[in-house]
Amino acid sequence: MAAAAGRPWARVCQDTIGKGKAGTKIQCLKAAADALKEGKSVFIDRCNLEREQRSDFVKLGCTVQADVHAVFLDLPAKVCISRSVSRTSHEGNVQGGMAAMVVNRMLKNKQAPLLTEGFSRITFCTDDDDIKKAVDMYSALGPSHSLASGVFGQKSKGPVQTGIMKFLKKADTSSVNKSSGTMVTSSERKTGQQNTTLKQENLEAGGACSMQVEKKLDNLKEKEEQSKERVSSDTSLCTLAFPSISTADFQFDLEKASEVIVDAATDFVQKHDNVRLVLVDLSQKSRILSLVKDKAAKKSFDSSRFFTFVGDITQLHSKGGLQCNVIANAANWRLKPGGGGVNAAIFNAAGEALQHATKECADTLRPGNSVAVPVPSTSPLHQQEGVTHVIHVLGPNMNPMRPDCLKNDYTKGCKVLHEAYNSLFENFATIAQSYTGKQNDETSSRKSASGVISPNDSKTKREGSDDSERTKKCKLLPSILTSSQHHERRGTNTLSYHDNSMGSSDAPNQAREEDNKKNAAVTNKTWGSWAQSLYEVAMHPEKYKNADSILEISDEFVVLKDLYPKAKRHVLVISRTDGLDSLADVKKAHLPLLRSLHSAGLKWAHKFLEEDASLKFRLGYHSVPSMRQLHLHVISQDFNSPSLKNKKHWNSFTSAFFLDSVDVMDEVDQHGSATINPDEKLLAMELRCHRCRSAHPNIPKLKSHIAACKSPFPSHLLKKDKLLSASTMRAGCS
DNA sequence: GTTCTAGAAC
DNA sequence: GTTCTAGAAC
């Protein structure tokens with residue numbers, strides 16, 4: 001039913017139609033029919049996400065011979081959810097925490113509109129820009145204007161669609177003067193002039209976040225209290241607080257490390273006056289502290305000048321009552337923040353100022369060396385803790401997953417660790433000297449001024465001493481590399497990361513390149529230098545047999561704890577077959593190998609289930625792995641891990657990108673190869689809960705959700721034992 | 001101002 | 001694979 005041109009628009013909205021009460025679809029249909037009778041154009045503002053929901057409106061439009069258009073707001077789920085949750089004045093009161101649930105439910109069933117439903121024009125809007133364009137277009141419609149029929153704005157146009165488009169465009173030219181649709185996306189309507197029913201698939205979109213889950217503070221309860229014991233508050237002694245170097249992430253043997261510490265420290269305090277060394281660790285139960293204590297007790301030296309202390313090295317003064325002028329940092333070779341442990345804590349506590357100050361002193365650090373950095377006076381570490389210098393130290397590394405691994409060579413390791421402490425203490429001695437000098441200077445200046453210090457004098461003095469300090473600092477930093485050395489270092493380090501850390505320093509680069517070429521012939525993929533780690537482990541597992549991360553070595557595979565686990569339990573079963581880099585290389589002949597990897601994975605999953613029966617496991621492969629060498633993931637489904645940080649991480653384990661081992665074995669058995677969907681889009685998909693499939697706007701919100709979600713796992717996982725749990729394990733045993 | 005993502009570099 | 005960081009999103 002085409003009414004006269006120039007008639008206004010009627011907005012039919014189920015949220016408002018009930019005048020305070022919940023509206024009904026019947027009311028909407030009646031209102032739309034009435035408006036059409038009056039010759040108005042009608043805008044149906046309703047979430048008609050399913051075909052069935054909207055069919056009555058389409059029928060109504062058709063019976064009155066109006067053009068029926070759809071504007072489909074096909075926004076990413078995360079946008080819909082975050083906006084619906086954060087809106088504050090929704091007419092239907094769908095907002096806040098409830099909204100996420102409602103929107104998730106709706107999105108689950110959403111069906112994109114089709115021309116065959118009876119629409120003459122469908123406009124897809126996939127972002128705010130599209131929406132604006134659509135609003136502008138409909139707002140600008142005049143009485144004699146018309147919009148082309150067909151489907152517009154759909155991002156993935158299949159060939160059929162194109163055909164339809166062509167056909168419709170052709171047809172459309174003959175009906176140019178027919179009335180056309182006009183729309184408004186909100187209650188604020190402009191001048192609609194045509195008489196048409198317009199249907200809008202309305203996904204309300206508004207503002208911020210879904211679940212109002214409070215941010216979990218990573219404040220671990222077990223964080224040990226600072227030492228309560230009284231410590232000497234003798235401030236005449238310049239004090240260095242230092243953490244044990246290399247014994248945490250670098251996995252240096254504690255027994256050997258404690259010997260080195262005691263040797264180096266006692267030696268140092270015996271040679272230097274007016275200095276104090278304090279070995280600090282967070283935990284009362286710290287093994288390195290007790291080892292050092294025991295060993296130190298057997299030596300004769302002034303125990304007030306070298307002792308151990310339990311506390312946070314960044315809060316020794318404020319929380320521990322221990323004034324330290326200088327603290328040491330167990331740094332990384334890049335001298336960058338992060339990485340956890342002491343390094344992260346110190347950079348955190350000192351603020352950005354320390355990063356800049358460090359940059360000014362050095363770019364990189366070699367094992368066995370240290371660099372002293374004056375802590376800027378603006379830094380909280382300086383202001384609150386009275387720390388004037390941080391000395392970054394890099395010790396030897398025994399962790400095969402870290403750069404410059406010494407592969408258990410403790411002869412060299414102890415030597416380097418000794419060098420590291422010596423370098424640290426020497427740097428500290430020079431700072432201490434400048435302290436004593438300063439104190440003396442100030443004392444003498446006071447004396448000479450007979451108790452009167454002019455502000456100018458004082459200022460000059462301070463600047464002067466700062467300057468001399470800087471000069472000294474440069475002299476005492478043997479670890480600072482020249483610019484050219486620095487570049488060279490970077491170059492070699494890139495290699496050494498893989499060569500040394502992965503134990504193939506004896507394998508020349510050339511060989512690696514050949515390997516890569518050989519491999520490229522199979523999968524046509526070249527692997528970045530960083531992608532070689534698993535290959536190295538697979539080829540030479542014996543070199544790492546002492547590393548904690550290696551759980552099992554057989555002729556066929558190596559079981560390794562993932563260095564960056566994406567869940568509470570996450571291990572890799574790495575095939576040892578050379579040249580088999582990923583699933584794409586797998587042929588029927590590899591079926592026995594796949595079965596071996598699978599049963600090894602099962603065995604470890606069972607072991608973990610015995611330790612924690614609440615876990616669930618999946619065994620599978622990444623369609624396109626990032627690391628070379630075929631490896632099976634065994635991963636618990638809690639995904640509770642700080643290393644799970646981004647969308648790619650999430651989707652690589654929860655989308656079709658993750659191929660269940662049982663399916664892979666079946667496919668290889670039946671077709672001689674695995675079906676791989678290498679679509680990168682799988683990794684860029686919206687974030688959905690792996691249990692209830694609800695969508696979430698970002699990783700933190702998703703993580704909050706999955707920590708609480710108790711929905712059953714999707715049924716496809718329950719088939720074929722893809723999801724291993726304590727109960728499936730028991731069933732398997734019986 | 002803070003949080004979060006995404007892309008480049010490694 | 002991770003780290004770093006600019007800038008988008010909030």
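Protein chains get the first letters and strands the later ones, always in sequence-line order, with residue 1 at the start of each.
- Between the CG atom of A:Leu683 and the C1' atom of C:dG1 there is a distance of 13 Å, given to the nearest Å.
- Look at A:Tyr564 and the base of C:dG1; the rings do not stack under the cut-offs of 5.5 Å between centres and 30° between planes.
- We find that CG of A:Asn698 is positioned 18 Å from P of B:dT2, with the value rounded to whole Å.
- One can place CD of A:Gln532 at 16 Å from C1' of C:dT2, the figure rounded to the nearest angstrom.
- Residues A:Leu593 and A:Leu580 have side chains in contact (heavy-atom distance under 4.5 Å, counting atoms from C-beta outward).
- Of the candidate nucleotides C:dT3, C:dC4, C:dG1, C:dG1 has the atom nearest to the side chain of A:Ser626.
- Remark: C1' of B:dA6 and CD1 of A:Ile699 are 12 Å apart, rounded to the nearest angstrom.
- At whole-Å resolution of the value, CD in A:Gln629 and C1' in C:dG1 are 15 Å apart.
- Atom pair A:Leu644:CG and C:dG1:P shows a separation of 11 Å (rounding to whole Å applied).
- Of the listed nucleotides (B:dT5, C:dG1, C:dC4), C:dG1 has the atom at the smallest distance from the side chain of A:Met627.
- The side chain of A:His622 places an N or O atom within less than 4.0 Å of a non-bridging phosphate oxygen (OP1 or OP2) of C:dG1.
- Residue contacts shown for A:Lys648 are absent, as no nucleic acid heavy atom lies under 4.0 Å away.
- Using modelled atom types, one finds a donor on one side chain and an acceptor on the other under 3.5 Å when comparing A:His392 with A:Thr358.
- You'll find that the side chain of A:Lys647 is closest to B:dA6, out of B:dT5, B:dA6, B:dC10.
- If you check B:dC4, C:dT3, C:dG1 against the side chain of A:Lys645, the one that comes closest is C:dT3.
- Take A:Thr654 and apply the side chain to side chain donor-acceptor pair (under 3.5 Å) test, not counting sequence neighbours, and it matches A:Trp650.
- Identified under the salt bridge (charged side-chain N to carboxylate O under 4.0 Å, His left out) test for residues 676-686 of chain A, with sequence neighbours left out: A:Glu686-A:Arg688.
- Side-chain contact between A:Asp663 and A:Thr675: absent, with no pair of heavy atoms (C-beta onward) separated by less than 4.5 Å.
- Rounded to a whole Å, the CZ atom of A:Phe347 is 10 Å from the P atom of C:dC4.
- Here the C1' atom of nucleotide C:dC4 and the CD atom of A:Gln355 are 10 Å apart, to the nearest Å.
- Applying the 4.0 Å criterion to OP1 and OP2 of C:dT2, one finds that A:Lys566 has a side-chain N or O inside that range.
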